[in-house]
Number of protein chains: 2
Amino acid sequence: MSTWAPGSLFLEERVGQAGHRLTGPRLALFRAIARYPEGFTAEELRDQHPSIGRATVYRTIRLLVDLGLVCKIALPEGAPRYVVAGGGHHHHAVCIECGAVKEFRYSTVESVLGELRADVMGQIVGHRIEVYVRCGSCVDQGGRTGLAPVSTP
Amino acid sequence: MSTWAPGSLFLEERVGQAGHRLTGPRLALFRAIARYPEGFTAEELRDQHPSIGRATVYRTIRLLVDLGLVCKIALPEGAPRYVVAGGGHHHHAVCIECGAVKEFRYSTVESVLGELRADVMGQIVGHRIEVYVRCGSCVDQGGRTGLAPVSTP
DNA sequence: GTACTCATGATACTCGGTCTCAGTTGCAAC
DNA sequence: GTTGCAACTGAGACCGAGTATCATGAGTAC
Ligand SMILES: [Zn+2]
Ligand SMILES: [Zn+2]
Ligand SMILES: [Zn+2]
Ligand SMILES: [Zn+2]
C-alpha cells in the first residue's frame with residue numbers, strides 16, 4: 001500500500017529523545033513495525049523476531065503506546081491491533097476482513113460531537129470512534145480472508 | 001439512578017421467545033442484571049451469585065450479547081462492562097470514574113458519519129462511538145473512586 | 001575501562017474467558 | 001403425572017494475551 005507511515009527512524013528518534021535506550025531488540029522491532037504501515041498484532045511482531053523475548057516485545061509495544069507513537073486498537077473480538085500514529089487527534093478505519101487500519105481526521109464529526117448535550121451525561125472528557133470498512137483491496141478481491149465480521153448494532 | 005432499564009422480566013421473556021430454557025441460574029442472573037441499570041462486569045455478577053458456576057455466568061452473558069439484549073463495552077483498559085440494551089442503533093457514554101454506562105442516540109452524528117468519504121477508506125460497513133464522561137454523581141462528589149482515567153488522544 | 005542504570009529473556013503468574021464432560025433439569029409429549 | 005431427552009449446569013482443565021520477577025546483559029557517562 002502507498003499509505004505513508006513514519007519509518008523506523010521516526011520511532012528511533014522519538015524514543016531516543018524521550019530518554020530511552022536504543023537497544024538492539026528495540027531497533028529490530030522498530031524496523032519490523034515499519035513493515036506494517038497498516039497495523040500489526042503483537043503476535044505478528046513476535047513472528048518477525050522469534051529470538052526476541054516475549055516480554056520484550058510487549059514491553060516495547062507498551063513503551064510506544066505510552067509515548068503516543070503507536071495506537072492500540074481494541075477490536076470488538078480478538079487480539080488488539082497496533083498502528084503507528086501520525087500524531088494529533090484522529091480516529092481509525094479498520095477493515096473487517098484483513099484488519100488493515102487507517103487513520104482519519106474528520107473535523108465535522110468532532111464539532112458535531114462537541115454539541116452533544118453534556119447535561120444528560122455529565123462532563124464530556126473524550127471520545128473514541130472506530131469506523132468499520134471493507135478496504136479497497138478486500139473489496140476488489142471479494143474474498144474474506146481475515147478477521148471475523150464485526151457486528152455493529 | 002432514575003435511568004430506565006428493562007427489568008428481568010424483559011430478559012426472561014425475550015430469552016424464552018428465542019427458544020432458550022428459563023433455568024434457575026438464568027433467572028437468578030437476569031434478576032441480578034436488572035439491579036445494574038448502568039452496567040456490570042462479569043465479576044460483579046458473579047459476586048451476586050457465588051453459587052452459580054463461573055462458566056454459566058459467562059455463558060449467560062454471551063447468550064444475552066448474542067441475542068442483542070446486552071451490549072458489551074470494551075473499555076480501553078480493564079475488564080469489559082456489559083449493559084442491558086434498549087434496542088436499535090445507539091452508542092454509549094461511559095463514566096471514566098465509576099464505569100456507569102448510558103446509552104445515547106444522536107442522529108446528527110449518524111448522518112455526519114454517513115458523509116465520510118468512503119472512497120478513501122473502502123466500503124463503510126459500520127461504526128462504533130464511545131463518549132467518555134464524568135457522570136453527574138461523580139462530578140458532584142468530586143472523588144475518584146473507580147476506573148483508571150482514559151487517555152483519548 | 002569502569003560503574004551505573006536501564007533493558008533483556010526465561011519463566012512463573014494473572015486474568016478474562018472457553019472447553020470438556022459427567023451429571024441435572026426444563027419442558028414438551030404422552 | 002410420568003417419561004424422555006436435548007439443553008443446561010458446575011467443576012475444573014485449559015487457553016491466549018499480557019504482566020511480574022529476577023538474575024544476567026548491554027547502553028551511556030565518566
Ligand atoms: Zn491512531
Ligand atoms: Zn474525534
Ligand atoms: Zn448499548
Ligand atoms: Zn451511530
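On a predicted model such as this, the values are computed, not experimentally measured, just so you know. Numbers restart at 1 for each chain; the letters A, B, ... are given by sequence-line order, proteins then strands. Reckoned from all heavy atoms, side chains included, excluding hydrogens, waters and symmetry mates.
Between the B/Arg128 side chain and the A/Val131 main chain, no donor and acceptor come within less than 3.5 Å of each other. Looking only at distances, no side-chain donor or acceptor of A/Glu130 sits under 3.5 Å from a matching main-chain atom of A/His91.
Toward the 5′ end of DNA chain C lies the nearest nucleotide of B/Ala79, the other residue of the pair B/Ala79 and B/Thr23 mapping further downstream. Nearest-nucleotide positions on DNA chain D place B/His20 closer to the 5' end than the other of B/Pro50 and B/His20. Judged by closest nucleotide on DNA chain C, A/Gly53 is the one of B/Tyr82 and A/Gly53 placed further toward the 5' end.
Rounded to a whole Å, the CD atom of A/Glu77 is 17 Å from the P atom of C/dG16. Between A/His49 atom NE2 and C/dA7 atom P there is a gap of 19 Å when expressed in whole angstrom units. For A/Arg81 and D/dG18, the CZ to C1' distance is 18 Å, given to the nearest whole Å. Whole-Å rounding puts the B/Glu43 CD to C/dT14 P distance at 14 Å. Put simply, CG on A/Leu45 is 15 Å from C1' on D/dG18, counting in whole angstrom units. In this structure, B/Phe30 places its CZ atom 14 Å from P of C/dG26, rounding to the nearest Å. In this structure, CD1 of B/Ile61 is placed 13 Å from P of D/dT9, rounded to the nearest angstrom. Taking atom CG on A/Leu63 and atom P on C/dC6, their separation rounds to 14 Å, with Å as the unit.
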Stepwise side chain to side chain contact (heavy atoms under 4.5 Å, CB included) check, B/Leu27 with B/Glu12: CA-CA 7 Å; B/Leu27 294 175; B/Glu12 192 173 328; 3.5 Å; yes

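Under 3.5 Å, the side chain of A/Arg54 and the base of D/dG18 form at least one donor-acceptor pair of N or O atoms. At a cut-off of 3.5 angstrom, counting only N and O atoms as typed in the model, there is no donor on one side facing an acceptor on the other between the side-chain of A/Arg62 and the base of D/dG18. With hydrogens and angles left out, the side chain of B/Arg59 and the base of D/dG10 share a donor-acceptor pair within 3.5 Å. Between the side chain of A/Arg21 and the base of C/dA7, no donor-acceptor pair of N or O atoms lies under 3.5 Å.
The phosphate of D/dA7 (OP1 or OP2) has no side-chain N or O of B/Arg26 nearer than 4.0 angstrom. For A/Tyr58 and D/dT19, the shortest distance from a side-chain N or O to OP1 or OP2 is not below 4.0 Å.
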Residues 51-59 of chain B side chain polar contacts: donor-acceptor under 3.5 Å, at least two apart:
residue	atom	partner	partner atom	Å
B/Thr56	OG1	B/Arg59	NH2	3.4

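Nearest to the side-chain atoms of B/Pro80 among the listed nucleotides C/dG17, C/dA10, C/dT8 stands C/dG17.
Aromatic rings of A/His89 and A/His127 (six-membered ring for Trp) have centroids within the 6.0 Å cut-off, being under it.
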